[in-house]
Amino acid sequence: MRPFTYSRAKSPAEAAAEAASAPGAKFIAGGTNLLDLMKLEIETPSHLIDVQDLKLDRIEPTAEGGLRIGALVRNTDLAADARVRRDYGVLSRALLAGASGQLRNKATTAGNLLQRTRCPYFYDTNQPCNKRQPGSGCSAIGGFSRQLAVIGSSKACIATHPGDMAIAMRVLDATVETVDPKGQTRAIPMADFHRLPGETPHIDTNLKAGELITAVTLPKPLGGKHFYHKERDRASYAFALVSVAAVVQPDGRGRVAFGGVAHKPWRVEAAEAAMPQGAKAVTGATFAGAAPTPENAFKLTLAERALGAVLAQARA
Amino acid sequence: MHGPGEVEVSRRGLLVGGAASVAAGAVSAPADAQRAPAAPKPAMAKVSFEVNGRRQSLEVDTRTTLLDALREHLKLTGSKKGCDQGQCGACTVIVDGRRINSCLSLAVMHEGDRITTVEGLGTPDKLHPMQAAFVRHDGYQCGYCTPGQICSAVSVLEEIRAGIPSHVSADLTAAPALTAAEMRERMSGNICRCGAYSNIIEAMADVAGAKA
């Protein structure tokens, strides 16, 4: 691990300003992904700004009838919150399907959104990787790609967003609130938060330099039945091959987003109109233009069957 | 057949190739905006926390993980370093009442925290009920993962009692049940190479007064 200096910020605006004034600085909250990457020198911050004192650890109702989740709310606490369990079950389920109990006790809401890909070549510092070292090439294309993206990828990168929480937040139309180094705040819809890799796969999100996430807001509850169906190589504590976050209404209409398939939560709103017709119609439209590798083409079939299982449960 | 001379040549070739790839790495390094300047000096920082009821004040390299602070600075070697990347759970300790992977946490981030390691749960003369149950049910073979398993197991029962749901809880809005399925799911962050899993669940069920 590269040496770094360390400080604890007192307010969100102060943290953002400090990040802008110290080149090479990074925020640290739970640290469960950042420290792992620092040990491998994939992340090499020269300064860490600890944000644990920012008092962003509360879940509060909004005037619009939704919830405002502080950036530092732990995954365990968000999943266990009575309002989330009752009104946003898809979010609770997604969180509980991710990581381990120990990690959920540390991992924060903002940190979860910012976790980096688990593409094996991103982690293997002996191999070229455009996300780790821009311009060096992509080892995953033509390499072991079973876990990797089937849609929205580019010639430069086929990595996936590894998380579960963001998939549920996408289906709920959540909004990410931030503050920048000048103290300006803004709200970013989940749809625009993560990026597709394009020619710049080293940039995961649309956050600007020094911009700090302060909260994620959920609109008022959607009702309906909530599902988070995760297919993975073992029954617990593994990243998704394919996951389905869905909210299904009594008349069969609803919303669906997929995880484990792209560089960002994958939701095609226009395809959701087909939900009453069944899974095949939805996934056909959702994954139009997919470009899987021979190793991960199975994900397209798996996505259809996973959604089929969810829709069958919704009807039961 | 290759003679010794040819081997020598190919070794030299490898060395040259190695040096070239290092140079290539150095040239493209500035493209990575996050890369720190070469060879920055280690930074030291002070931190104080409570470990197993005793106040501890340390001055550590900021890179020191909580696990290394416990093991190398405080000589509490019960907590183990298995994978050092949060996958195995051998380093599990309880911080302010919650189990965490101490290998994925910086010591300097724990100012004022209350930390419990396996040494703080019980002593050889007065075992914690979970430690006694692991002995009674053969919840280990080599024992390397056991301190983490025991810290995790103690926390799992508290998490179920506190009503925190899990991936296998059928009804999200109901209180989770003390079942073997619930305990198994919640223990998935603790790997046991010897495969003592079923006995670990027996031990936990014994302590919880539940059926495994």
Side-chain angles (χ1 to χ4, degrees), chain A residues 1-6 8 23-24 26 28 30-36 38-48 50 52 74 76-77 79-80 82 84-86 89 92-93 95-106 132-136 202 209 226 228 230 234-238, chain B residues 21 24-25 28-29 31-37 39-43 45 61-63 65 84-87 89 91-93 95 97-106 108-109 111 148 151-152 155-156 159 162-169 171-174 184-191:
Chain A
M1 200 189 298
R2 298 286 184 95
F4 57 86
T5 50
Y6 168 84
R8 275 170 93 141
K26 270 198 171 285
I28 187 164
T32 53
N33 188 211
L34 181 57
L35 280 175
D36 191 19
M38 285 168 64
K39 288 180 185 186
L40 296 165
E41 299 195 358
I42 294 167
E43 296 278 8
T44 54
S46 52
H47 182 66
L48 284 184
D50 184 344
Q52 68 174 304
R74 307 281 170 187
T76 298
D77 297 323
V84 176
R85 286 155 78 178
R86 185 189 64 217
S92 200
R93 288 278 180 213
L95 286 158
L96 296 171
S100 66
Q102 289 97 315
L103 290 169
R104 290 192 297 271
N105 277 343
K106 281 302 279 182
R132 178 167 31 76
Q133 194 164 6
S136 62
H202 59 294
H226 288 223
Y228 191 78
K230 183 174 179 179
R234 55 185 185 206
S236 184
Y237 196 18
Chain B
S21 48
S28 53
D32 182 354
Q34 289 160 353
R35 203 154 285 272
K41 285 200 185 102
D61 185 318
T62 52
R63 295 173 291 181
T65 61
D84 207 26
Q85 53 185 14
Q87 291 187 356
C91 67
T92 303
V93 300
V95 177
R98 292 176 165 225
R99 57 184 171 139
I100 68 163
N101 299 112
S102 61
C103 76
L104 282 187
S105 198
L106 292 171
V108 292
M109 294 180 74
E111 180 64 40
C151 285
S152 212
S155 289
V156 161
E159 287 163 14
I164 295 168
S166 88
H167 177 62
V168 299
S169 305
D171 180 358
L172 264 189
T173 55
R184 270 201 296 272
E185 158 60 24
R186 291 165 195 263
M187 291 295 287
S188 71
N190 291 83
I191 309 298

Calculate, to the nearest 0.5 Å, the distance between atoms CG and CE belonging to Leu106(B) and Met38(A) respectively. 6.5 Å
Does any heavy atom of chain B fall under 4.5 Å from the side chain of Arg8(A), the backbone, both, or neither of them? side chain
Using non-hydrogen atoms only, which part of Asp84(B) is less than 4.5 Å away from chain A: side chain, backbone, both, or neither? both
Qualifying residues under side-chain contact (heavy atoms from CB on, under 4.5 Å), relative to Val168(B), sequence neighbours excluded: Ser166(B), Glu182(B), Glu185(B)
Closest heavy-atom contact between Gly163(B) and Arg85(A)? O-NH1, 3.2 Å
Looking at CG of Asn105(A) and OG1 of Thr92(B), how far apart are the two atoms once the value is rounded to the nearest 0.5 Å? 10.0 Å
Checking Ile28(A) against chain B: side chain, backbone, both or neither under 4.5 Å from a heavy atom? both
Let me know if Ala79(A) has heavy atoms under 4.5 Å from chain B in its side chain, its backbone, both or neither. backbone
Pairwise distance CZ(Arg99(B)) to CZ(Arg104(A)) - rounded to 0.5 angstrom: 7.5 Å
pair Arg93(A)-Leu172(B): side-chain heavy atoms closer than 4.5 Å: yes
Does some side-chain heavy atom of Val108(B) sit less than 4.5 Å from a side-chain heavy atom of Asp50(A)? no
Hey, does Arg234(A) have a side-chain heavy atom less than 4.5 Å from the side chain of Ser188(B)? no
Are any of the side-chain heavy atoms of Arg98(B) and Asp77(A) separated by less than 4.5 Å? yes
Are Ser236(A) and His167(B) close enough that some pair of their side-chain heavy atoms sits under 4.5 Å apart? no
How long is the straight-line distance from OG1 of Thr5(A) back to NZ of Lys41(B), given to the nearest 0.5 Å? 13.5 Å
Straight-line distance of Leu35(A) CG to Leu104(B) CG, nearest 0.5 Å: 6.5 Å
Among Ala97(A), Gly31(A), Ala82(A), the residue with the most heavy-atom pairs under 4.5 Å to chain B is Ala97(A)
So CD of Gln102(A) and OG of Ser155(B): to nearest 0.5 Å the spacing works out to 8.0 Å
With Ala235(A), which residues qualify under side-chain contact (heavy atoms from CB on, under 4.5 Å), at least two apart? none
